[in-house]
Amino acid sequence: MSMTDSPPVSSELTFTYKVTMSPHCEDAQTVVAYPGQNPVSFHFEPVERDLRMGSVLKIGRKPEKKIPMAPIALNTYPEDMFMAEEVEPHIDFVAFQSKVVSRMHAELWVSDDGKVMFKDVGSSSGTWVNKRRMSPAGKESRAYEIENGDVIQLGITYQGEQEDIFKSVGMKIFVTVQPNNPPSPDPFRSHL
């Protein structure tokens, strides 16, 4: 979202920012290394969330006792979180079932001036925005403004000696800004 796309902050008009995270792979030729192999990048159904000023969308991995048969993205709400007693109001959570995603990996929010912001909160496997690493492993990054079409990668895909493939999560972000309480039409202009 550029400066010209940002809605003015007003006490009369509030906005909802619909954030859509869609699966993304940089190069379709690298999705499958050889016939019969699972895709290298993590696959998930698109995830939509509404953000408002004062709300935070946390992104991470929900710990499970057993590993699911196929990788999935869970739409998890605060009451379902593994730390439910510590959740603050206006916090939402999206969990990816990928071992390269930290339990608390990143955050999305709307700044006071109406920009959608994103940061790595100290993940162990790293985060990239448009192929640029946000911060070293284990270090919180500075906040970056997210624009429509930005590509975010959580973690690095790798294969251990005796372990299954761990898949990075690649996603393309789309933001739609919608007014919550649009002003009523001017009755004098409707007669022109």
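Fair warning: this is a prediction, and the values are worked out from it, not measured in the lab.
For the pair Glu147 (side chain) and Gly149 (backbone), a donor-acceptor distance under 3.5 Å is absent. At distances below 3.5 Å, not a single donor-acceptor pair connects side-chain atoms of Arg61 with backbone N or O atoms of Ser102. No donor-acceptor pair under 3.5 Å is formed between the side chain of Tyr17 and the backbone N or O of Met53. At least one donor-acceptor pair closer than 3.5 Å links the side chain of His105 to the backbone N or O of Gly126.
Residues Ile91 and Lys58 have side chains in contact (heavy-atom distance under 4.5 Å, counting atoms from C-beta outward).
Taken from CD in Glu140 to OG in Ser123, the straight-line distance is 10.5 Å, to the nearest 0.5 Å. Atom CD of Glu107 is separated from atom CG of Leu57 by 9.0 Å, given to the nearest 0.5 angstrom.
Within 6.0 Å of the NZ atom in Lys139, the count of heavy atoms belonging to other residues, nucleotides or ligands does not exceed 12.
In terms of hydrophobic clustering, with Ile, Leu, Val, Met, Phe, Trp and Tyr side chains grouped at heavy-atom distances under 4.5 Å, Leu108 and Val177 are assigned to a common cluster. Hydrophobic clustering keeps Phe174 apart from Val116 (ILVMFWY residues linked when any side-chain heavy atoms are closer than 4.5 Å, directly or through intermediates).
Ser141 and Asp120 form no side-chain donor-acceptor contact under 3.5 Å, judged by distance and modelled atom types alone.
Considering Ile152, Ile146, Asp150 in turn, Asp150 is the only one that fulfils the side chain to side chain contact (heavy atoms under 4.5 Å, CB included) rule with Asn130.
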